S.K.: 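One structure, as structure tokens, below. Some questions next.
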Protein chains: 2
Amino acid sequence: MKKDSASITIHDIASELGLHASTVSRALNDNPAVSKKTRALIQAKAKAMNYRPNRMAAALRKGRSDLLGVIVPAIDRHFFASVIRGIEEEADKAGLHVMFCQSYDDSDRERKLIEGLQRLRVDGILLSVAKDGGNEPDFYQSIIDSGTPVHFFDNAPRGFDAAAVVIDDRRGAYLATKHLVNQGVSAIAHLRGPQHLDIYRDRFKGYQDALLEAGMAVREEFIVDITSHFDNGRKAFAALWSRDAKPTGIFSASDYSAAGVMQAAQEQGLKIPRDLAVIGFANEPFTDLMTPTLSSVDQQTLSMGRKSTRRMIAHLKGDDSDNQRIILEPSVIERGSSRLKQ
Amino acid sequence: MKKDSASITIHDIASELGLHASTVSRALNDNPAVSKKTRALIQAKAKAMNYRPNRMAAALRKGRSDLLGVIVPAIDRHFFASVIRGIEEEADKAGLHVMFCQSYDDSDRERKLIEGLQRLRVDGILLSVAKDGGNEPDFYQSIIDSGTPVHFFDNAPRGFDAAAVVIDDRRGAYLATKHLVNQGVSAIAHLRGPQHLDIYRDRFKGYQDALLEAGMAVREEFIVDITSHFDNGRKAFAALWSRDAKPTGIFSASDYSAAGVMQAAQEQGLKIPRDLAVIGFANEPFTDLMTPTLSSVDQQTLSMGRKSTRRMIAHLKGDDSDNQRIILEPSVIERGSSRLKQ
DNA sequence: TTGTAGGCGTTATCAG
DNA sequence: CTGATAACGCCTACAA
């Protein structure tokens, strides 16, 4: 029976060749100190023996795991899946491995995940903070102080200097609302996300900015509070249509809720966008599958992942001075649900 | 400056308490050999010092990483995200950590990921095979022979005995098609996935089974080949409607393509389900967001993840005899796109 | 250019 | 019940 390749070590290779393990180690790490001839010999042998270096052992010795930890609320949201793709790209390039975890927006779980990643001795953590908002800035600061670099993306705590890459939610909301204004929509409602979260407060502000700029009033009865779920969109439509004044356009802080609104409106016989123009936020892929297709706001997810990772890598290489908050510019994706003019 | 908690070891704790590292190790592992008093003392001290055990070191010593590797084509597909959720649940319970990777259905990348996981010394790999089908059964056999247990789920290679949890695609397709038959649909087309893949061959067979059972002919002009993408649904609709005979129902091997068909049909003024009844496969969440909602086939994803993981854990505990292929039963989710009768 | 020795942080074995 | 010691697989001064 052949020896398990998982248990072949540099010593095995060394003894097969009558060399010493240290030489094998050097050869496999392309150390120029070892002669071309032996290097080739060793590398060939390693391949022949199906050798798999033990990264745990190397990490222990080097004090560096070449592992990155990433925590997101949920990987099946396109937003995060796409950021993750960006992270993967850059990590691959740099020869790092990435450990993805889901907090399910639960800050208790987030704390446990962080501790788990620390035990694994990841070199750094990329984090989109759980949206229940249970962890204070102090907590994150203590993690950083304990020696594990943490960089934030998407949802980043305010109140202390930490590297972060976020998008300008206020501007995204402003652009979305302004887009409806430009299409000639005059009564614009807003499905508003939980106001204890910065990102949703910012989206609400952006909505107000656009209305004010257009000389329109911000009307109480046009604001409905939601969480980012589909059913909330249906409920929001019911709420709006139970009131006297009916909007002719809706800017939703969430694509899911926007989809719910569209479905409920269509069931009531409304034509979209003619009777009701709709635009969401996040540019989830399903927006393209709907009838009509749903307009939305793109959040530069790939570049968010890439930028975060590149900064973390720079940080790990010694440049730990860059504590800035990078703000990316969102863009409106016009689709059928809001296209009234050519 | 406080010492980084990442660099606090059992030796530090030991010397603070005037004990030996081995005692600390035992205490932290709840070894009954150590007295209750010292155990409590040590655990309190460890907490106070914010100690984080180094899993790399423990893994090296124990020859076991308590890490599971998981490879899926893409984490943002609901199918896989949901399987992953099931995997996470069971792994958490067992105190295992999980490393998720995406192959993007590229078998070269899959091979590299497997090698990466082996270097990380994961205890086992849960794998849904890349759909480009580039890796032979022999390859997987060699991984298993090399000492890394591999269990398959979803897309599992045939041709050798390996633990696998899959669903009965043929039956799922049969049920979906039969559902259309039961709704009184008489001309049923099929959007057919790549036939070099077992799962899509099976779905095609199930479609045929149902037609034959209903005494309907399998008509060439009602079969359109697709890959699981949205645009293919639109193209498929165009293809079908360019022919003389028009179907009144469609069973699509993919939800994405089904969504494309629906959109294209609605743009042509067709009413769904009245003029065209549609059912997809996979029960992606967006199926609930469409107008009308899209019927589909549920694949027991959570239980697929849970079962796979439980078996892997049993395997790791020494029961490596269970090489069977477990086949889960799919179920039809009836929604608006195919509901013609009450 | 290659070999030797020591240690990274744990845990398991053996003594005491 | 606790202490000492060795070893897991690798890397890196230092020596030869």
Side-chain angles (χ1 to χ4, degrees), chain A residues 3-43 45-46 49-67 95 118-123 147, chain B residues 3-43 45-46 49-67 95 118-123 147:
Chain A
K3 201 173 175 185
D4 284 358
S5 62
S7 59
I8 292 174
T9 73
I10 48 175
H11 293 94
D12 298 322
I13 300 175
S15 67
E16 289 253 332
L17 294 171
L19 289 167
H20 199 268
S22 56
T23 310
V24 174
S25 171
R26 282 187 284 253
L28 294 175
N29 289 295
D30 281 319
N31 186 325
V34 55
S35 77
K36 280 216 184 303
K37 207 179 283 175
T38 32
R39 203 193 311 179
L41 193 68
I42 289 171
Q43 292 180 343
K45 194 75 189 171
M49 296 177 75
N50 201 25
Y51 167 69
R52 299 275 180 269
N54 186 330
R55 285 188 56 196
M56 302 253 172
L60 185 60
R61 170 63 234 241
K62 290 193 294 187
R64 189 165 44 85
S65 63
D66 291 327
L67 258 181
Q118 288 185 306
R119 289 171 180 231
L120 256 183
R121 293 296 187 272
V122 297
D123 295 336
Chain B
K3 202 173 175 187
D4 284 358
S5 62
S7 58
I8 292 174
T9 74
I10 48 176
H11 292 96
D12 299 322
I13 301 176
S15 66
E16 290 253 332
L17 295 170
L19 289 167
H20 197 268
S22 54
T23 309
V24 175
S25 171
R26 281 187 287 253
L28 294 175
N29 289 295
D30 282 320
N31 186 324
V34 55
S35 77
K36 279 214 184 304
K37 207 180 285 177
T38 32
R39 203 192 310 178
L41 193 69
I42 289 171
Q43 291 180 344
K45 195 73 188 173
M49 295 177 75
N50 200 26
Y51 167 68
R52 299 276 180 271
N54 187 330
R55 287 189 54 198
M56 302 253 173
L60 184 59
R61 174 61 234 235
K62 292 194 292 188
R64 188 165 44 82
S65 64
D66 292 325
L67 257 181
Q118 289 185 306
R119 290 172 179 230
L120 257 182
R121 292 296 185 271
V122 296
D123 295 335

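All figures in this text were calculated on a predicted structure; none of them were measured in a lab. Chain identifiers are assigned alphabetically (A, B, ...) following the order of the sequence lines, protein sequences preceding nucleic acid strands; residue numbering begins at 1 within each chain. The analysis underlying the following values was restricted to heavy atoms, covering all of them including side chains, and did not include hydrogens, waters or symmetry mates.
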S.K.: Calculate the interatomic distance between A/K62 atom NZ and C/dG9 atom P; express it in whole Å.
M.R.: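 So the NZ-P distance, A/K62 to C/dG9, works out to 15 Å.
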S.K.: Would you give the length of the straight line joining atom CG of A/L17 to atom OG1 of A/T23, rounded to the nearest 0.5 angstrom?
M.R.: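 It is 10.0 Å, given to the nearest 0.5 Å.
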S.K.: Is any side-chain N or O of B/R61 under 3.5 Å from a base N or O of C/dT10, one able to act as donor and the other as acceptor?
M.R.: no
S.K.: Okay, side chain of A/N29, backbone of A/N31: is any donor-acceptor separation there less than 3.5 Å?
M.R.: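 No; judged by distance alone, with no hydrogens or angles, the pair does not exist.
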S.K.: A/R64 has an atom CZ; how far is it from atom P of D/dT12, in whole Å?
M.R.: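 After rounding, the reported distance stands at 9 Å.
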S.K.: Is the phosphate of D/dA4, meaning OP1 or OP2, less than 4.0 Å from a side-chain N or O of B/H20?
M.R.: yes
S.K.: Rounding to an integer number of Å, can you tell me how far A/I10 CD1 sits from C/dG3 P?
M.R.: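 The distance from CD1 of A/I10 to P of C/dG3 comes to 12 Å, rounded to the nearest Å.
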S.K.: Hey, which of these two, B/M56 or A/A21, hits DNA chain C nearer its 5' end, going by closest nucleotide?
M.R.: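 So the residue in question is A/A21.
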S.K.: Name the closest nucleotide to the A/V34 side chain, picking from D/dG3, C/dT2, C/dG9.
M.R.: C/dT2
S.K.: Which whole-number value in Å describes the distance from A/I13 CD1 to D/dG9 P?
M.R.: 13 Å
S.K.: Looking at every heavy atom in both B/A46 and B/L28, which two are closest together, and how far apart are they?
M.R.: CB-CD2, 3.9 Å
S.K.: Between B/H11 and C/dG9, does any side-chain N or O lie under 4.0 Å from OP1 or OP2?
M.R.: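 For B/H11, the contact criterion (side-chain N or O under 4.0 Å from OP1 or OP2 of C/dG9) is not met.
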S.K.: Between P on C/dT1 and CD1 on A/I42, what's the gap in Å once rounded to a whole number?
M.R.: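 Going from A/I42 (CD1) to C/dT1 (P), I get 13 Å.
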S.K.: What is the separation between atom CZ on B/R121 and atom P on D/dC8, rounded to the nearest whole Å?
M.R.: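 These atoms are roughly 14 Å apart.
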S.K.: As a test of reading the structure: which of C/dT10, D/dT2, C/dT11 is closest to the side chain of B/A33, going by heavy atoms?
M.R.: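 So the side chain of B/A33 is nearest to D/dT2.
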S.K.: Please confirm whether the shortest side-chain N or O distance from B/T38 to OP1 or OP2 of D/dT2 is below 4.0 Å.
M.R.: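 Checking D/dT2 against B/T38, a side-chain N or O does come within under 4.0 Å of OP1 or OP2.
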S.K.: Pick the closest DNA chain D nucleotide for A/N29 and for B/S35 by heavy atoms, then say which residue is nearer the 5' end.
M.R.: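 That would be B/S35.
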S.K.: Return no unless some side-chain N or O of A/Y51 is found under 4.0 Å from OP1 or OP2 of D/dC10.
M.R.: yes
S.K.: Work out which heavy atom in A/I10 is nearest to a heavy atom in A/Y51; give both atom names and the distance.
M.R.: CG2-OH, 3.5 Å
S.K.: Looking at the side chain of B/R26, which of C/dG9, C/dT2, C/dC14 is the nearest nucleotide?
M.R.: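 Closest nucleotide among those given: C/dC14.
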S.K.: Could you check how far CG of B/L19 sits from C1' of C/dT10, rounded to whole Å?
M.R.: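 Taking atom C1' of C/dT10 as the reference, CG of B/L19 is at 17 Å.
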S.K.: Ignoring the backbone of B/T9, work out which of D/dG3, C/dT2, C/dG9 is nearest its side chain.
M.R.: C/dG9
S.K.: Between the main-chain N or O of A/D66 and the side-chain N or O of A/R55, is there a donor-acceptor pair closer than 3.5 Å?
M.R.: yes
S.K.: Take the protein atom CG of B/N31 and the nucleotide atom C1' of C/dT10, then report the distance between them rounded to whole Å.
M.R.: 14 Å
S.K.: From D/dG9, D/dC11, C/dA12, pick the nucleotide closest to the side chain of B/S22?
M.R.: C/dA12
